[in-house]
S.K.: 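Input: one structure, supplied below.
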Amino acid sequence: MSDNSMLDKRYSPEDIEKKWYDFWIEKGYFRAREKSDAPSYCIVIPPPNVTGSLHIGHALDITLQDIMIRWKRMSGFNTLWLPGTDHAGIATQNVVEKHLKAKGTDRHALGREKFIENVWEWKKQYGGTIINQLKSMGASCDWSRERFTLDEGLSRAVREVFVRLYEEGLIYRGDYIINWCPRCHTALSDLEVEHEDVQGKLYYFKYNFVNEEGYVTVATTRPETYLGDTAVAVNPEDERYKYLIGKTVKLPVIQREIPIVADEFVDSSFGTGAVKVTPAHDTNDFEIGQRHNLPFIKIMTGDGKMSEEAGPYRGQDRFECRKNVIKDLDELGQLEKMDDHDMSIGHCYRCKTVVEPYLSKQWFVKIKPLADEAIKAVKDGRVKIVPSGWENSYFDWMENIKDWCISRQIWWGHRIPVWYCDKCEEIIVSRDTPEKCKCGSSELRQDEDVLDTWFSSGLWPFSTLGWPDNTDDLKTFYPTSVLITGFDILFFWVARMIMMGLKFMKDEPFHHVYIHALLRDESGQKMSKSKGNVVDPLKTTAEYGTDAFRFTLAAYAAQGRDIKFSEKRVEGYRHFINKIWNVARFISMNLEETGFVAVKELYSGESRNSVTLANRWILSRLSTVCAEINSTLEEYRFNDAANTLYQFVWHELCDWHVEMIKPELYGDDKELKIAAISTLIHVYEVALSLLHPFMPFITEEIWQTLPVEKGVDSLCIRKYPVAEDGIKDSEAENKMNMIMDVVSGIRSIRGELNISPSLELKAVIRTLDNTESILNENITYISKLARTREIEIGSDIEPPKNAATAIKPSMEIFVPLKGLIDFDAEISRLGKELKKTESNLSFVKRKLHNKEFIKKAPKAVIEENKAKYNEYLEKLNAIQGNIDKLEKLGE
RNA sequence: GGGCGGAUAGCUCAGUUGGGAGAGCACAGCCCUUACAAGGCUGGGGUCACAGGUUCGAGCCCUGUUCCGCCUACCA
């Protein structure tokens with residue numbers, strides 16, 4: 001047979017991927033229907049940052065979501081995968097600011113309006129990047145519904161939510177200590193602070209009493225804050241310090257006099273048991289300050305420099321000031337000592353600057369009432385988190401949640417819908433921009449701040465569907481089906497969506513949350529640009545093809561914590577892609593003049609006789625695989641699904657089935673030929689369909705060339721295969737297992753005794769029970785796969801004298817090797833086998849002799865062991881017999 | 001401080017109701033057998049981290065220990 005396939009020898013993804021993606025889009029196959037009789041299936045995409053570009057984490061997210069969406073679409077659901085991007089307030093503003101800096105200007109020079117125009121420009125220019133990259137991954141999103149968190153519609157949702165929460169008293173404004181990033185010049189929520197453990201120092205300062213001898217020693221990790229101290233606190237129960245309460249001490253250098261107060265918060269066992277209190281620069285001190293009516297002195301400005309209140313240190317950077325304070329107090333003899341001290345320091349999650357606890361006026365969401373509902377929803381199973389281990393973290397965080405600081409002192413984002421009247425101090429919170437105050441004044445100032453980015457993304461599952469209007473989309477697709485994301489944004493985003501969805505839709509935003517692992521580099525390190533260990537998905541797909549990359553990610557997606565990503569594995573799955581490709585070539589080479597029929601016809605009437613064992617077997621296996629893929633996907637076991645398909649296609653379909661039908665294809669029996677090729681095409685077509693959600697491009701490319709009755713013009717809308725009744729054929733599977741035993745037995749002898757593959761062997765098989773006829777019926781398979789020229793089969797056959805042997809449960813296989821055999825090699829080979837069998841036997845024997853086992857183990861297990869015992873025993877005897885014979889011959 | 005996860009073949013990892021452990025890669029041997037050398041066949045390789053316990057039986061369940069990783073927290 002010549003290489004007359006119309007397909008190239010190797011699969012090259014480049015042009016093919018774009019071709020089919022454009023085709024799907026043009027046909028509108030990814031578009032959801034607003035109304036449909038079909039059940040809905042909806043996923044909202046975790047919106048990537050609009051200025052971002054695709055990293056490997058997105059790639060995993062996208063792949064898993066696309067697998068689910070394509071699977072459900074093929075399974076007949078009205079599917080919606082809703083795409084979009086996030087304005088990503090601080091992140092985007094930082095990017096644009098960096099850009100401005102390079103141009104020698106900054107946002108303050110531009111002014112607010114101009115700056116925002118600049119960001120929109122930036123968005124226009126780069127916002128499409130990530131979207132195009134998602135498309136290149138094959139994402140089957142409904143692009144007609146693409147949204148952006150700063151869209152008009154979504155902005156309306158944001159204002160609606162803000163106003164409603166305010167009206168219910170769940171949003172308030174006040175002066176509190178918040179996390180402040182001196183570089184980004186904004187407040188951060190607790191979540192936006194990353195803690196890092198460092199080896200720091202604990203400094204002990206002596207504060208002298210006023211008007212009497214003596215001092216009290218306080219300890220601090222941030223010496224510069226002493227400039228803002230307005231008290232020293234001790235625990236009221238602390239016997240050592242009772243006498244101090246009510247006394248006054250004087251701060252070194254700046255000479256401020258401050259009282260010593262009693263507060264139960266103080267832990268007597270830590271440090272000296274006396275605490276310096278800096279109400280404007282520490283969360284706890286803030287509360288102590290409130291309880292004792294202490295002054296709040298802000299010694300720092302928003303950019304991390306010392307303020308006017310810092311006396312001689314004013315204008316100094318906070319860390320420079322720290323050094324100077326230590327030096328000065330040491331010189332004055334007020335530094336008693338310094339100890340090493342382990343502590344954790346908070347950094348801004350966007351720019352990594354050390355954050356400062358900072359007193360300022362901010363907006364907050366009173367979160368407890370929302371959190372309570374969100375806890376209930378998970379507890380009673382309305383929202384199911386997969387894997388369920390994450391529920392603990394979720395509850396832990398939710399139960400200890402603190403009010404959410406939602407105002408940010410940046411410009412890019414949803415501006416807070418609050419206006420202040422300069423005349424009468426009225427505060428107006430409104431959905432629309434008000435023109436006048438109640439007092440008649442039109443001099444209204446809108447709040448300068450914008451909302452936390454996560455405030456708008458928290459509304460994503462319903463704001464994107466048209467809320468606050470009661471749209472068809474909302475009715476059809478809310479609650480959505482599943483949310484797929486990494487655990488890094490479980491609190492940031494997932495928890496807040498659950499709270500907001502329950503609050504405003506009175507219904508959970510999604511039934512399932514599937515949390516996948518995070519991708520790390522080969523050595524387990526977090527991927528980061530600064531480490532230079534980032535795997536660029538675009539480079540990977542360019543080199544190996546998108547399908548291979550997607551399949552790798554799916555195969556990696558076991559339900560663990562992290563994934564060590566290795567390009568080698570992608571390479572391995574590219575081989576798999578190529579294997580699949582070559583089946584297509586094989587088919588096209590064999591199809592020529594034979595033609596083919598639908599498999600259903602083969603199974604009906606007389607044609608059934610043309611269905612040989614190999615064909616019945618693969619159809620049976622296929623039906624099992626169909627069932628498995630559907631059930632593993634239902635349970636989000638992507639890796640199991642991927643492995644099952646890999647195993648089936650490569651090792652069952654290619655290694656066994658294709659090899660077995662070759663004699664049928666190359667023979668003269670036309671009926672057999674048609675049956676073989678028809679079955680192969682059928683199985684292959686179904687396999688491609690099963691694989692399509694994982695590797696959409698190559699499967700579509702090949703599927704289009706298959707000459708089967710299709711009914712539809714794209715694989716992406718073909719019905720997803722399910723296990724059909726009546727195809728499962730355990731008789732065929734049992735027979736096939738025997739054939740496989742014979743073949744692998746002979747191959748094993750050949751391999752281990754180093755007999756050339758080109759040498760055709762003679763085999764003698766002594767059978768048990770009914771196996772004789774089964775083997776005889778299928779003798780062509782054996783001779784083809786084991787490369788034998790002559791096979792003798794019988795139940796009462798006399799074993800040849802000098803032969804290599806393989807013992808299987810229902811037969812003994814002999815390969816006479818007159819003139820070829822290396823007796824020692826065969827004896828040692830059998831010796832190994834003997835040893836293995838001996839240890840197996842003694843294990844089972846011990847079990848069966850154990851009275852407790854017989855008494856307590858389930859019957860089925862006992863029977864199983866008894867059967868094994870017999871099997872091992874027979875095998876042992878057979879092997880021993882053969883060894884004896886060979887030894888005799890060798891003498 | 002609290003919580004969670006991991007420790008299984010040389011490497012990366014599966015192992016879903018407890019019944020003597022699997023894959024991929026790597027390695028070794030033989031083969032360009034007419035879909036595929038990005039391939040085929042064969043093979044070697046594991047006290048399932050350690051110590052106890054429950055059980056007739058433990059990689060799996062319980063307790064403790066060690067090492068790694070992550071999340072979380074207001075001990076100045």
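Please read all numbers here as calculations on a predicted model, not as lab measurements. Chain identifiers are assigned alphabetically (A, B, ...) following the order of the sequence lines, protein sequences preceding nucleic acid strands; residue numbering begins at 1 within each chain.
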S.K.: Base, sugar-phosphate, or nothing for A:Lys564, non-hydrogen atoms under 4.0 angstrom?
M.R.: sugar-phosphate
S.K.: Can you sort out the partners of A:Asp488 under side chain to side chain donor-acceptor pair (under 3.5 Å), two or more places apart, ordered by chain and number?
M.R.: none
S.K.: State whether the side chain of A:Glu752 and the backbone N or O of A:Ala825 hold a donor-acceptor pair below 3.5 Å, judged by distance alone.
M.R.: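 Absent.
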S.K.: Which residues satisfy the side chain to side chain contact (heavy atoms under 4.5 Å, CB included) test with A:Lys337, sequence neighbours excluded?
M.R.: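 Once residues adjacent in sequence are excluded, the partners of A:Lys337 under the side chain to side chain contact (heavy atoms under 4.5 Å, CB included) criterion are A:Tyr204, A:Asp339.
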S.K.: For atom P, what is the distance between B:G22 and B:C48, given to the nearest Å?
M.R.: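 One P to the other, the span is 14 Å.
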S.K.: Holding to salt bridge (Lys or Arg N to Asp or Glu O under 4.0 Å), I want the full list of residues that pass it with A:Lys201, two or more places apart in sequence or in another chain.
M.R.: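 Testing A:Lys201 for salt bridge (Lys or Arg N to Asp or Glu O under 4.0 Å), a comparison that skips the adjacent residues, returns A:Asp340.
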S.K.: Only counting residues at least two apart or in another chain, list the ones meeting side chain to side chain donor-acceptor pair (under 3.5 Å) with A:Glu356.
M.R.: A:Arg222, A:Arg318
S.K.: Just compare B:G19, B:A35, B:A14 and give me whichever is closest to any side-chain atom of A:Pro858.
M.R.: B:G19
S.K.: I'd like the P distance from B:G3 over to B:G59, given in whole Å.
M.R.: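 B:G59 and B:G3 have their P atoms separated by 28 Å.
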S.K.: Indicate for each nucleotide in nucleotides 66-75 of chain B, in 5' to 3' sequence, whether protein heavy atoms under 4.0 Å reach the base (B), only the sugar-phosphate (S), or nothing (-).
M.R.: ----SS-BBB
S.K.: Is there a donor on the side chain of A:Lys855 or the base of B:C56 sitting less than 3.5 Å from an acceptor on the other?
M.R.: no
S.K.: When the C1' atoms of B:U47 and B:G20 are compared, how many Å lie between them, rounded to an integer?
M.R.: 13 Å
S.K.: Who passes side chain to side chain contact (heavy atoms under 4.5 Å, CB included) against A:Glu543, sequence neighbours left out?
M.R.: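 By the side chain to side chain contact (heavy atoms under 4.5 Å, CB included) rule, A:Glu543 matches A:Glu567.
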S.K.: What pairs with A:Ser189 under side chain to side chain donor-acceptor pair (under 3.5 Å), at least two apart in sequence or on another chain?
M.R.: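 A:Glu192.
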S.K.: Given the P atoms of B:G46 and B:U54, what is the spacing between them in whole Å?
M.R.: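 After rounding to an integer number of Å, I get 31 Å for this pair.
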S.K.: Heavy atoms from C-beta onward define the side chain here; which of B:A76, B:G20, B:C25 lies closest to that of A:Lys568?
M.R.: B:C25
S.K.: Of the candidate nucleotides B:U16, B:C56, B:G24, which contains the atom at the shortest distance from the side chain of A:Phe853?
M.R.: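 Of all the options, the side chain of A:Phe853 is nearest to B:C56.
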S.K.: How would you list, by chain and number, every residue that makes a side chain to side chain contact (heavy atoms under 4.5 Å, CB included) with A:Asp238, sequence neighbours excluded?
M.R.: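 For A:Asp238 the side chain to side chain contact (heavy atoms under 4.5 Å, CB included) partners, ignoring immediate neighbours, are A:Asn235, A:Arg240, A:Tyr241, A:Ser268.
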S.K.: List the residues meeting salt bridge (Lys or Arg N to Asp or Glu O under 4.0 Å) with A:Lys402, not counting sequence neighbours, and say none if there are none.
M.R.: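 Per chain and number, A:Lys402 pairs via salt bridge (Lys or Arg N to Asp or Glu O under 4.0 Å) with no residue.
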S.K.: Stem ranges for RNA chain B, with three or more consecutive Watson-Crick or G-U pairs under 3.5 Å?
M.R.: B:1-7 with B:66-72, B:10-13 with B:22-25, B:27-31 with B:39-43, B:49-53 with B:61-65
S.K.: So, using side chain to side chain donor-acceptor pair (under 3.5 Å) as the criterion, who are the partners of A:Lys662 when residues are at least two apart?
M.R.: A:Glu659
S.K.: For A:Thr837 and A:Lys835, does a side-chain donor sit closer than 3.5 Å to a side-chain acceptor?
M.R.: no
S.K.: Mark up nucleotides 41-49 of chain B, 5' to 3', with B wherever a protein heavy atom is under 4.0 angstrom from a base atom, S wherever such an atom reaches only the sugar-phosphate, and - elsewhere.
M.R.: SSS------
